[in-house]
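Read through the structure below, which is laid out as structure tokens, and then see the notes.
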Amino acid sequence: MMQSAEVRPESVPAVTPFETALGAEVSNIDLSQPLSADQFAVVEQAFLDHLVLVFRNQSLTDEQHLAFASRFGELEEHINKPTRHEQYEKVQVFSNVKADGTTLGVHPERGTLVWHTDKSYIATPSLATVLRSPAIASEGGDTLFANTQAAYDDLDEATKRRIAGLKAVHSWERSREKVGERPATPEQIAAAPPVEHPLVRTHPVTGRKGLYLGNHASHVPGMDFEEGVQLLAELERFATQDKYVYRHKWQVDDVLMWDNRGTMHCVTPYDAVKEKRAIHRVVIRGDRPF
Ligand SMILES: [Fe+2]
């Protein structure tokens with residue numbers, strides 16, 4: 001039986017942290033219904049404590065998905081128009097399934113295969129991302145999350161001193177080049193010109209510091225270009241060691257949400273010819289990193 005049928009409207013959600021560096025499952029909750037203030041408070045605190053939340057067996061419509069995400073703040077659309085939902089402009093669809101039911105044969109968005117934090121190429125990157133999974137691959141297509149706050153904490157003091165005060169330039173155009181995706185269009189470049197963010201950002205609610213990197217990060221201003229690229233790569237390798245990572249193995253009708261202010265993520269490849277995978281995505285507007 002679906003979990004949603006068993007949950008009473010005023011049930012208290014249960015939060016079960018994973019044994020990994022981040023992530024927790026929230027159960028005894030039905031996201032198809034509006035959450036009470038008390039229920040939402042439990043979810044919001046778990047989100048701040050664990051950075052990644054998993055809700056299983058949530059069969060949502062796009063409207064319900066949007067309604068749940070909007071409890072966390074204002075929603076925003078994406079500059080990548082080819083992935084926009086036909087009906088709901090604030091829903092993106094990452095799917096390799098064509099309208100006739102056959103598969104595209106290629107991964108729908110190569111930029112998701114490399115470590116990144118969502119929309120760091122704009123001045124006010126996404127606070128959180130909320131995904132749901134109408135269709136999953138039987139093998140591959142896992143989403144990996146790295147806890148960039150735990151990684152920052154573990155850096156040696158010399159490295160912390162070296163990177164304190166440094167910035168990185170984040171660029172949608174450069175990010176597309178690096179992964180060999182459809183090049184950024186002039187319209188996209190105008191909508192998202194390169195922007196600088198601190199290499200170490202402070203979470204505006206919890207005050208924790210974390211590395212702020214990923215594929216959208218291009219180079220370090222004021223530093224030799226290649227040297228900056230190497231520094232970013234070195235820090236990314238450090239932050240994505242297994243001990244900082246949670247691997248999400250999808251089930252149909254998962255809802256998965258994460259805090260972009262303290263994490264990076266990527267998806268593992270799957271057989272885009274044989275497998276059918278569809279993920280719907282909604283993002284919540286964030287603040288300027290500091
Ligand atoms: Fe992403």
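Remember, it's 1-based here, ligands and their atoms both numbered in the order they're listed.
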Q) Number of protein N/O/S atoms less than 2.8 Å from the Fe ion (ligand 1)? A) 3
**Q.** For Gln45, side chain to side chain donor-acceptor pair (under 3.5 Å) partners two or more places apart
**A.** Asp49
Q: Taking the six-membered ring for Trp and the single ring otherwise, decide whether the centroids of Tyr244 and Phe145 are under 6.0 Å apart.
A: no
Q.
Is it the case that the side chain of Asn215 and the backbone of His116 share a donor-acceptor pair, with hydrogens and angles ignored and the cut-off at 3.5 Å?
A. no
Q | side chain to side chain donor-acceptor pair (under 3.5 Å) contacts touching residues 222-242 (sequence neighbours left out) | A | none
Q. Yes or no on side chain to side chain donor-acceptor pair (under 3.5 Å) for Thr263 and Asn147, after CA distance, side-chain angles and deciding distance?
A. CA-CA 5 Å; Thr263 61; Asn147 185 336; over 6 Å; no
Q | Pairs meeting criterion ring-ring contact (aromatic ring centres under 6.0 Å, His included) with involvement of residues 185-206, two or more places apart | A | His170-His197, His197-Tyr212
